Q: 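Structure in structure tokens, see below.
The shown structure was predicted, so the numbers you read here are calculated from the model rather than taken from an experiment. As the structure lists them, so they are numbered: ligands from 1, and atoms in each ligand from 1.
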Amino acid sequence: MRFTHLNIRDLILITPKVWGDNRGYFMETFREDLFRKYCWNINFIQENESRSSYGVLRGLHYQLPPFAQSKLIRVVEGTVLDVAVDLREGSPTFGQHAAVELSAENRCQLFIPQGFAHGFLVTSRMAIVQYKVDNYYSAEHDCGVAFDDKDLGIDWKLLPKDIVLSEKDKCQPLFRNAVYFKREDF
Ligand SMILES: Cc1cn([C@H]2C[C@H](O)[C@@H](COP(=O)(O)OP(=O)(O)O[C@H]3O[C@H](C)C(=O)[C@H](O)[C@H]3O)O2)c(=O)[nH]c1=O
């Protein structure tokens, strides 16, 4: 299992070791000891799964403290463009984002600590995304940022007309109007 820092240092790409043979393959998808050593002290308490068709974009979402969530994301079917945006006031990468392709084929996982907005766009016919979080869902603390905010400058690769959004995501606030994470939150 390899842990690689992205352009935003606190975002970590995890590449599992895959054991293939004539039956198929085996891989360890999570190791707490390695995670604590190379990544983050974390206690995942909930796991989610969503299935989406081509062009669906879920995000950009985050939960505010005390229900802020770190996430460990993996794709078990299909391919997504996965994006995290730094919303931590005072961070040297505040307002910047990282985008990585996660797929059932590359088997990579993305760790996103608390303080980031998260979203993904499905670029295959269909994708199933599973992710662990370290805080329970709280609708009252659920927040978002507009996926297509010009100040964020995220290249989602698809034309806006081809992107499928929930009603909620069609009206997320612009980055400059979003609620950020304060220094005291960390
Ligand atoms: C997130 C969540 C949702 N729900 C319920 C609430 C809604 O009635 C329904 C669909 O929720 P939503 O439309 O917010 O689902 P997504 O658009 O996939 O939201 C997720 O999308 C991006 C990619 C994220 O990173 C977040 O984890 C999460 O916000 O599931 C729950 O019961 N528990 C939960 O943890």
Side-chain angles (χ1 to χ4, degrees), residues 6 8 10-14 29-30 35 39-40 42-88 93 95-104 106 108-149 152 154-158 160 162-175 177-181 185:
L6 298 184
I8 296 176
D10 289 337
L11 298 176
I12 299 171
L13 190 69
I14 299 157
T29 54
F30 179 71
F35 207 85
C39 191
W40 216 270
I42 206 88
N43 176 34
F44 292 121
I45 57 174
Q46 177 179 312
E47 186 162 33
N48 304 323
E49 178 175 307
S50 64
R51 181 187 190 276
S52 313
S53 305
Y54 174 81
V56 167
L57 194 157
R58 294 177 184 257
L60 295 159
H61 303 157
Y62 57 102
Q63 292 192 169
L64 289 174
F67 287 90
Q69 293 176 319
S70 299
K71 298 170 184 168
L72 179 59
I73 299 129
R74 63 192 288 248
V75 174
V76 295
E77 185 146 352
T79 303
V80 307
L81 181 64
D82 205 84
V83 174
V85 179
D86 191 349
L87 297 182
R88 302 169 298 179
T93 51
Q96 295 181 31
H97 70 276
V100 291
E101 183 174 272
L102 301 178
S103 68
N106 69 25
C108 289
Q109 301 181 40
L110 179 62
F111 173 73
I112 304 175
Q114 296 179 11
F116 287 76
H118 172 241
F120 62 81
L121 171 74
V122 177
T123 55
S124 53
R125 184 185 58 78
M126 177 276 289
I128 296 176
V129 179
Q130 292 177 343
Y131 49 106
K132 296 176 177 65
V133 294
D134 63 347
N135 229 332
Y136 294 117
Y137 174 63
S138 170
E140 297 71 36
H141 296 83
D142 198 24
C143 283
V145 183
F147 76 99
D148 56 351
D149 185 301
L152 296 179
I154 300 169
D155 178 5
W156 291 103
K157 310 293 185 193
L158 291 191
D162 296 328
I163 293 178
V164 179
L165 298 167
S166 66
E167 288 310 308
K168 176 179 78 172
D169 289 344
K170 287 175 182 171
C171 48
Q172 294 288 8
L174 290 175
F175 172 65
N177 300 328
V179 181
Y180 308 134
F181 291 82
D185 295 330

Q: Protein heavy atoms near atom 11 (O) of ligand 1, is at least one of them under 4.0 angstrom away?
A: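 So far as the 4.0 Å threshold goes, atom 11 (O) of ligand 1 is out of reach of every protein heavy atom.
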
Q: Given the ring of Phe111, does Lys71 sit roughly above its face, with NZ or CZ under 6.0 Å from the centre of the six-membered ring and within 45° of the axis?
A: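 Checked: cation-pi criterion not met.
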
Q: Side chain or backbone, does Gln69 bring an N or O within less than 3.5 Å of an N or O on ligand 1?
A: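 For ligand 1, there is no N or O atom that lies under 3.5 Å from one belonging to Gln69.
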
Q: Which ligand 1 atoms does Tyr131 reach within 4.0 Å, using its non-hydrogen atoms?
A: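 Close to Tyr131: 20 (C), 24 (C), 26 (C), 27 (O), 28 (C).
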
Q: Which of the atoms in ligand 1, numbered in the order shown and given with their element, are less than 4.0 Å from a heavy-atom of His118?
A: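 By the 4.0 Å cutoff, the relevant atoms are 23 (C), 24 (C), 25 (O).
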
Q: Heavy-atom distance from atom 2 (C) of ligand 1 to the protein below 4.0 Å?
A: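 When distances to the protein are checked, atom 2 (C) of ligand 1 has a heavy atom within 4.0 Å.
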
Q: Checking the N or O distance criterion of under 3.5 Å, is ligand 1 in contact with His61?
A: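 Yes: some nitrogen or oxygen of His61 is under 3.5 Å from one in ligand 1.
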
Q: When you compare ligand 1 with Asp169, is there at least one nitrogen or oxygen pair between them that comes in under 3.5 angstrom?
A: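 Looking only at distances, the answer is no, because the N/O contact criterion of under 3.5 Å is not met.
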
Q: Which ligand 1 atoms are under 4.0 Å away from a heavy-atom of Phe120?
A: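 It comes down to these atoms of ligand 1: 23 (C).
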
Q: Whether the side chain of Gln109 engages the backbone of Thr29 through a donor-acceptor N/O pair (distance < 3.5 Å, no angle test) should be reported.
A: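 Such a contact is found between Gln109 side chain and Thr29 backbone.
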
Q: Are the side chain of Asp149 and the backbone N or O of Phe175 linked by a donor-acceptor pair below 3.5 Å?
A: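 A pair under 3.5 Å: yes.
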
Q: Looking at atom 8 (O) of ligand 1, would you say a protein heavy atom lies below 4.0 Å from it?
A: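 False for atom 8 (O) of ligand 1.
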
Q: Give the atom numbers and elements of ligand 1 that come within less than 4.0 Å of a heavy atom of Lys71.
A: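 Listed by number with element, the hits are 24 (C), 25 (O), 26 (C), 27 (O).
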
Q: For ligand 1, find out whether one of its N or O atoms is nearer than 3.5 Å to an N or O atom of Ser50.
A: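 Such a contact does not occur with ligand 1.
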
Q: Ligand 1 and Tyr137, any nitrogen or oxygen pair closer than 3.5 angstrom?
A: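 Such a contact does not occur with ligand 1.
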
Q: How far is atom 13 (O) of ligand 1 from the closest protein heavy atom, and which atom is that?
A: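 Minimum-distance protein heavy atom for atom 13 (O) of ligand 1 reads Lys168 NZ, 4.2 Å.
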
Q: Distance below 4.0 Å between atom 27 (O) of ligand 1 and any protein heavy atom?
A: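 At least one protein heavy atom is under 4.0 Å away.
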
Q: Measuring from non-hydrogen atoms of Gln63 to any atom of ligand 1, is the shortest distance under 4.0 Å?
A: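 Gln63 does not count as a contact of ligand 1 under the 4.0 Å cut-off.
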
